[in-house]
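Below: the structure, in structure tokens.
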Amino acid sequence: MRRSELRKLLPPGPRTPAPVQLLATWTRPAASIELLRRKYGTRITVQLPFQMPFVILSDPADIKAVFTAPPDVLHPGEGARVLEPLIGRKSVILLDESPHLEQRKLLLPAFHGEKMQRLVGLMSELTRGEVDSWPLERPFALHPALQRLTLEIILRAVFGLEQGARLDNLRDLLTRVLAISESPLSVLPETQRFTRLFGSMRRFEHVREQADTLIRDLIEERRSESEARDDVLAMLLQARHEDGSPMAYQELRDELMTALVAGHETTASQLAWGFEQLARQAPVALRLAQEIDAGEGDEYLTATIHEILRRKPVLPNAEPRVVKRPVEIGGFTYPAGVALLASSFLVHHDPAIYPDPYAFRPERFLGNAPGTYTWIPFGGGRRRCLGASFALQEMKIVIGQVLGRYELAPSSDRPERTARRSITYSPSRGATVILRERRSTQSPVAPARVPVPA
Ligand code: HEM
């Protein structure tokens, strides 16, 4: 179908040249999407260079239709193909239909909330080690420190690595692999071909192969070991396909890399936004500190985390779903090839759903569970984030420990803008705050208790 005919079938959208749109979405991501919503409403067609058009949806009824569409109608796996060089073709994120369902079934038990409880001790210990080293009374960028922490948590709690040379080497190699993938060029499949020509793709492949060798050794060693462990790799080694066979090396390697890519920068940026917001919200921080000191439940902490994920979703949309068979949603029939994006950023800032949407107000979620199609920081349906319990638990532990110990103040009156790093939105100045040793909200100073998530 010709592009002009295709456009007639789709909702309206900007007519500015595609490279200009790409530049706007890269340099001013939040502002440019808000501008589009004001102009075009809850369905916006966007055309970027070298790609089929995609449609950004933010009406909860459309989002529900996208999340519940049959697996042969919409393909999220295809929409995430750009991640393949990093996470490998067996990754659950890249699969569709029955291969996806089968792989997801294998992984689900490893990420179950109950299994996550066993990781509380390890996550708390690693957090304490990191948080203890933070400087006081001067501007300090939290984002790099949180990246260090979330990487360590994934390497220890998912890969099951112990302190030593292998952990150090893998940390170094994986940091380099992730740094290369942060480049804007890495998120467009077509530019990956050019980066190959210029050699950066080859450098990336070289470092990735070195990391793969270490991961292969780790998996082989763990396969022959009988010791019971609580990490995610231990669960994956026990998982069995329907025919009784264990997961193959490539599957295990790709799912470990998937957890790293999907769970490291996302959680670090989400926590960074959380602290950037909390530093400007003294009453919220005080109420949280009081709850932590009282040590009776974590209702307000939970509501605060829901509000952080609403106000600053680090992934502005769920995985793009590529239409495989024409589908009617909200009065439009989308043809094959178009991608549909459920926008968390837009639905989270819809004033009809969240009054005064730009205000940071955890009270919205006190006694109110977030809505399945109106609060979607983890996407939804059969593709909902597998690491949601892992991430929520980690956020509770980190925020609980930091606010149990420190008072936060902003380093500048200007709120931080949204900057894009690869696929995530993060605070433009790295969540720079000033930390001070906290006075107790009650007396005497109570040691911070780490709330365990429900
Ligand atoms: C705050 C942190 C996180 C956020 C905001 C987040 C968000 C998301 C989103 C939006 C999706 C796409 C869902 C969809 O398209 O419907 C996703 C998928 C996924 N996430 Fe997360 N995630 C986070 C942390 C994690 C962690 C810690 C892990 C693993 C340790 C993880 C593993 C995954 C996996 C495996 C998928 C693919 C699920 C599938 O395709 O079936 N995520 N995540």
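Atoms within a ligand are numbered from 1 in the order they appear, just like the ligands themselves. Note that these values count all heavy atoms, side chains included, but never hydrogens, waters or copies made by symmetry. If you read the sequence from its start, that first residue is 1, and numbering goes on from there. Because the structure is predicted, anything quoted here is derived from the model rather than measured.
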Under 2.8 Å from atom 21 (Fe) of ligand 1, which protein N/O/S atoms are there? Cys385 SG
Numbered atoms of ligand 1 (with element) below 4.0 Å of [X], judged on heavy atoms:
X	result
Ala318	14 (C), 15 (O), 16 (O)
Arg104	38 (C), 39 (C), 41 (O)
Phe390	27 (C)

A cation-pi test, strictly: NZ or CZ of Arg420 under 6.0 Å from the centre of the six-membered ring of Tyr425 and no more than 45 degrees from its axis. Yes or no? no
Pi-cation contact, Phe360 with Arg311 (under 6.0 Å, within 45°): no
Under 3.5 Å side-chain donor-acceptor pair for Glu307 and Gln277: no
Among all protein non-hydrogen atoms, which one is nearest to [atom], and what is the separation to 0.1 Å?
atom	result
atom 37 (C) of ligand 1	Ile93 CG1, 3.3 Å
atom 30 (C) of ligand 1	Phe111 CE2, 3.6 Å
atom 12 (C) of ligand 1	Glu319 OE2, 3.9 Å
atom 5 (C) of ligand 1	Pro377 O, 3.7 Å

Less than 4.0 angstrom from a charged side-chain N to a carboxylate O is my criterion; do [X] and [Y] meet it?
X	Y	value
Glu416	Lys312	no
Glu97	Arg382	no
Glu78	Lys324	yes
Glu221	Arg216	no
Arg156	Asp231	no
Asp62	Arg43	yes

Say whether Pro76 and ligand 1 are in contact under the criterion: heavy-atom distance to a ligand atom below 4.0 Å. no
Looking only at heavy atoms, is any part of [X] under 4.0 Å from ligand 1, and if so is it the side chain, the backbone, or both, or is it neither?
X	result
Arg383	both
His100	side chain
Arg321	side chain

Would you say the ring centers of Tyr358 and His349 fall short of 6.0 Å from each other? yes
If you apply the rule salt bridge (Lys or Arg N to Asp or Glu O under 4.0 Å), what do you find for Arg176 with Asp172, and how did you get there? CA-CA 6 Å; Arg176 281 156 61 193; Asp172 174 50; 3.3 Å; yes
Between the main-chain N or O of Ala318 and the side-chain N or O of Arg321, is there a donor-acceptor pair closer than 3.5 Å? no
Checking the N or O distance criterion of under 3.5 Å, is ligand 1 in contact with Thr267? no
